[in-house]
J.: 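Quick one: structure below, then a few questions.
When reading the values below, keep in mind they use all heavy atoms of this one structure, side chains included, and skip hydrogens, waters and symmetry mates.
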Amino acid sequence: MQAPPTSSAPPVTPRRHRRSKAVGLAALAVSMLMAFPTAQAAFGDEAAEVPGGGDLGPNVMVFDPSTPDIQGKVDEVFKKQESNQFGTDRYALMFKPGTYDNINAQIGFYTSIAGLGLNPDDTTFNGDVTVDAGWFDGNATQNFWRSAENLALNPVSGTNRWAVSQAAPFRRMHVKGGLNLAPDGYGWASGGYIADSKIDGEVGPYSQQQWYTRDSSVGGWGNGVWNMTFSGVEGAPAQSFPEPPYTTLDNTPVSREKPFLYLDGDDYKVFVPAKRTNARGTTWADGTPEGESIPLDQFYVVKEGATAETINAAVDQGLHLLFTPGVYHVDQPIEIDRENTVALGLGLATIIPDNGVTALKVGDVDGVKVAGLLVDAGPDNSETLVEVGPEGASADHSANPTSLQDVFVRVGGAGAGKATTGMVVNSNDTIVDHTWLWRADHGEGVGWETNRSDYGLTVNGDNVLATGLFVEHFNKYDVQWNGENGKTIFFQNEKAYDAPNQDAIQNGDIKGYAAYKVDDSVTTHEGWGMGSYCFFNVDPTIQQHHGFQAPVKPGVKFHDLLVVSLGGKGQYEHVINDTGDPTSGDTTVPSQVVSFP
C-alpha cells in the first residue's frame, strides 16, 4: 500500500485529469528603464548585423519597492493566467533588490517570478509567493508551467504554499519559514522540483505523490507518499526507501545551476553559475556564487516575431540568446553550435516548429547552457523537437558539459501536435537538469494517433546525467537509454492513459513498452528513486509487463524503484524485467523493489 502522510491530511487519491477552461489573454504592456535598438531581420546571403541588448519587451514587468500598486498589478496577471492552461500569453515578474511589504504574489500558468539580485536575500518579500488549486476544485495535478526564482520570503503565516505538479521549478529561493507543497484541503498533487534553495523550516509534502530536491538546505521534511528523492540536500531525511519512501544521496555527482538575469547597479547581466562536482547545499550560502557575469549587450534579446534565421544569425555573430516571454514559431531549427553559448528563456518562452523541423539543435561543442524554454510540437510531425549533438557525436565534454535546465517538451494539449521523439541527447557528458517531456493526456488535439509521439527521451551519448527527469504518456518507450555510464537521479513517469487496447501497446512478445529502457548493449548504468505509474482508463484490462527494462550486468544498477497502478486501471506484472511483485486490486497500489540486480 502507499505510504500514508504523517500529517492530518487525508491519504492521496489517484491522479486524474480533465480539460481546463482556456481563457484568452490580452498583452500587458509595461515600460522598461532601458532602451536599445531593436534587432533587424536578416535578408539574402549577407545578414544584417544583429544588435545586442535592448529592452526586455512588453511581457516582462519590472518592479522596485517604490512601484505603486504592486499587488494590484500582480493580481491582474494572476487573474488572466490562473486557469489559462493552454493560452498563448507569457509573463515574467521581476523584482529589483530591496524589501517588499505585504505581498502575496499568486502565480498562474506561464508566469515566472524572480528577484533581480545576485543573491536571493537581495530581494525580500515580507509576504508570500503562492500556488494553490482553487481554479481546479482543489486538485493541483495540473498546476504546470510556472516558476519562482531568486527571492527571499518571510511568509505571513510562517509557511509559504507552493502546490504544483510538473514543470514548476522552485529555484534559488530562501524561505524564512516552512514550505507547504499541497493545495488547500490537501487535494491531489503530482510534483515537483526544488534546487539551490534554503527552507529554514520544515517542508510539508502532505499529498504530493513524489518530489525531487537537489543541492539545497531544509529544516526538515514532513512525510512521503510514493517517491521522495534528495541529492546534495543538507537536512534531508536519511535513506529509508520504501518505508518511508526516501531516497537520499549525500551529494549530486555533477551539477550546474541555471543561469539567471540580475541587476548590477543599473545594468542587466546574466549570471552563469559554475559547474560543481559532488555538490551539496546551495551555491550562495557563503556569499557570491562562483561563475561568470555576461552583460546584456552580449545577448540578442529575442522578442515575438523574431525568426529562426535572425536568431541563428545572432548566434553566428557571437551573441547569446535571451528569449523574452512569448511564443516563437520557427520554420527552421534554431542552431546553437558555438561553445559556451547561453540560451535563456523568461516567462516560459515557447518555441513551435511550423513545418516538421526540429525546433532546437545544439552542436557537439563545449558548455552550451539552454534553460527556461518550452518546446511545443507543431501539427506536422517532427522527427525530434530538441536535439543535443548530431548523430554520432563523440567529443569529450567532461570538463565543460552542455546543460539543459527547465527545458520542457509538449506534444498536444494546446492543439494537435506530433513528434516521433521529444528529446535526443547525442553529446557526451550532457546534464539534463529538470525536464518534463509530456505527450498530452488532456486539452485540445489529444488522441492515441492525434498527438502521436513514440518516444520521450532518447540518450545516445555517454556519461549523461539526468537529475529530475519527468517523462509521461508516450506511445512507446518514454525513455530509451543507449549510451554508456548514464545516471538518473529521480524519475517520474505515467504510461499513456489512452492506449485503446492490449494490442496497441504490444512490444513483440512483451506486454507494453517499458517506461525506462536501458539498451541490451549497455554495460554501465545507474538510477536512483524512480517510479512509473499506469492509469489505463480507456481499457482498464491492459497488462504492462514491467515499468523498467535493463540488461542483467554487474555495472547496471537501480536503487529504489516502484510501479503504481492508479485506481486499479491496468496492472504491472513486475517492476523491472521479471523482478518485483505485481500491482493489483481496485485501489492505488504501489509495488517496490529496493535494488536491481
Side-chain angles (χ1 to χ4, degrees), residues 15 17-28 57-61 73-94 104-114 128-149 161-171 181 183-184 187-193 304 323-328 345-352 372-377 406-415 417 434-438 440-446 470 472:
R15 174 183 175 189
H17 295 300
R18 65 171 171 82
R19 182 171 300 175
S20 69
K21 299 177 182 177
V23 181
L25 302 175
L28 183 61
N59 298 323
V60 176
M61 304 177 66
K73 292 178 172 66
V74 170
D75 288 347
E76 184 178 356
V77 172
F78 177 67
K79 183 178 179 181
K80 294 176 179 180
Q81 299 299 93
E82 180 182 12
S83 59
N84 190 23
Q85 183 169 181
F86 296 112
T88 57
D89 290 326
R90 307 284 186 269
Y91 294 101
L93 312 178
M94 313 294 286
N104 181 18
Q106 298 186 79
I107 306 301
F109 285 100
Y110 312 110
T111 305
S112 297
I113 187 168
D128 298 76
V129 172
T130 301
V131 176
D132 207 343
W135 73 278
F136 199 39
D137 300 326
N139 177 350
T141 62
Q142 292 185 26
N143 281 351
F144 312 140
W145 304 306
R146 65 200 73 197
S147 67
E149 302 182 46
R161 185 185 302 277
W162 185 255
V164 299
S165 287
Q166 291 83 1
F170 196 80
R171 288 186 180 268
L181 303 179
D184 186 26
W188 306 326
S190 183
Y193 178 90
E304 284 190 295
F323 290 83
T324 63
V327 177
Y328 300 90
L346 303 178
L348 282 296
T350 302
I351 302 170
I352 302 175
L373 294 172
L374 168 61
V375 178
D376 203 352
D406 303 344
V407 175
F408 309 126
V409 163
R410 180 172 68 193
V411 183
H434 190 225
T435 188
W436 185 39
L437 313 179
W438 186 59
D441 61 279
H442 65 276
E444 300 296 331
V446 171
F470 299 75
E472 295 189 298

J.: Using side-chain heavy atoms (C-beta onward) and a distance below 4.5 Å, is Thr435 in contact with Val409?
T.: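 A side-chain contact is absent here, since even the closest heavy-atom pair is not under 4.5 Å.
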
J.: Does the pair Val327 and Glu304 meet the rule for a side chain to side chain contact (heavy atoms under 4.5 Å, CB included), with working shown?
T.: CA-CA 6 Å; Val327 177; Glu304 284 190 295; 4.0 Å; yes

J.: Starting at OG of Ser112, measure out to CZ of Arg146 and round the result to the nearest 0.5 Å.
T.: 10.5 Å

J.: Stepwise, does the side chain to side chain contact (heavy atoms under 4.5 Å, CB included) test hold for Ile351 with Leu373?
T.: CA-CA 7 Å; Ile351 302 170; Leu373 294 172; 4.1 Å; yes

J.: Where is the tightest heavy-atom contact between Ala189 and Ala140, given as atom of each residue plus distance?
T.: CB-CB, 4.1 Å

J.: Going by side-chain contact (heavy atoms from CB on, under 4.5 Å), Ser190 matches just one of Val164, Asn143, Thr141. Which one?
T.: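 Single pass found, and it is Thr141.
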
J.: Would you say the side chain of Thr350 lies within less than 4.5 Å of the side chain of Val375, judging by non-hydrogen atoms?
T.: no

J.: Which value, rounded to the nearest 0.5 Å, describes the distance between Thr111 atom OG1 and Met61 atom CE?
T.: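 One gets 10.0 Å once the value is rounded to the nearest 0.5 Å.
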
J.: Output the distance between atom CG (Leu93) and atom CG (Asn59), rounded to the nearest 0.5 Å.
T.: 10.5 Å

J.: Side chains of Asp184 and Arg161, heavy atoms from C-beta outward: is any pair under 4.5 Å?
T.: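 SC-SC contact between Asp184 and Arg161 confirmed.
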
J.: Could you check if a side-chain atom of Tyr91 sits within less than 4.5 angstrom of a side-chain atom of Lys80, using non-hydrogen atoms only?
T.: yes

J.: Please name all residues satisfying salt bridge (charged side-chain N to carboxylate O under 4.0 Å, His left out) with Asp376, sequence neighbours left out, ordered by chain then number.
T.: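 Testing Asp376 for salt bridge (charged side-chain N to carboxylate O under 4.0 Å, His left out), a comparison that skips the adjacent residues, returns Arg410.
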
J.: Any chance the side chains of Gln142 and Gln85 put a donor and an acceptor closer than 3.5 Å?
T.: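 Per modelled atom types, Gln142 and Gln85 side chains form a pair under 3.5 Å.
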
J.: Walk me through it: do Trp436 and Phe408 pass the test ring-ring contact (aromatic ring centres under 6.0 Å, His included)?
T.: CA-CA 5 Å; Trp436 185 39; Phe408 309 126; 7.5 Å; no

J.: Just do the ring-ring contact (aromatic ring centres under 6.0 Å, His included) check on Trp135 and Phe109 with the steps written out, would you?
T.: CA-CA 11 Å; Trp135 73 278; Phe109 285 100; 5.4 Å; yes

J.: In this structure, is the centre-to-centre distance between the rings of Trp438 and Phe144 below 6.0 Å?
T.: yes

J.: Measure the CZ-CG distance between Phe323 and Leu374 for me, rounded to the nearest 0.5 Å.
T.: 12.5 Å

J.: Does Glu149 use its side chain to pair, donor to acceptor, with the backbone of Arg171 at less than 3.5 Å?
T.: no

J.: Mind checking the CG-OH spacing from Leu348 to Tyr110? Nearest 0.5 Å is all I need.
T.: 7.5 Å

J.: Less than 6.0 angstrom separating the ring centers of Trp162 and Phe170, yes or no?
T.: yes

J.: Just to verify, what does Asp128 make a salt bridge (charged side-chain N to carboxylate O under 4.0 Å, His left out) with, not counting sequence neighbours?
T.: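 Scan of Asp128 (salt bridge (charged side-chain N to carboxylate O under 4.0 Å, His left out), adjacent residues dropped) gives none.
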
J.: Which atoms form the tightest heavy-atom contact between Asp406 and Pro169, and what is the distance?
T.: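 Smallest heavy-atom distance, with atoms named: OD2-CG, 3.4 Å.
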
J.: At their closest point, which heavy atom of Phe470 faces which heavy atom of His434, and how far apart are they?
T.: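 For Phe470 and His434, the tightest heavy-atom pair comes out as CE1-CD2, 3.7 Å.
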
J.: So which atom in Asn139 and which in Ala133 form the shortest heavy-atom distance, rounded to 0.1 Å?
T.: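 Taking every non-hydrogen atom into account, O-CB, 3.4 Å.
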
J.: For the atom pair CZ (Arg90) and OG1 (Thr324), what is the distance rounded to the nearest 0.5 Å?
T.: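 One gets 12.0 Å once the value is rounded to the nearest 0.5 Å.
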
J.: On a heavy-atom basis, which atom in Asn104 and which in Asp75 lie closest, and how many Å separate them?
T.: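 Heavy atoms only, the tightest pair is O-OD1, 4.2 Å.
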
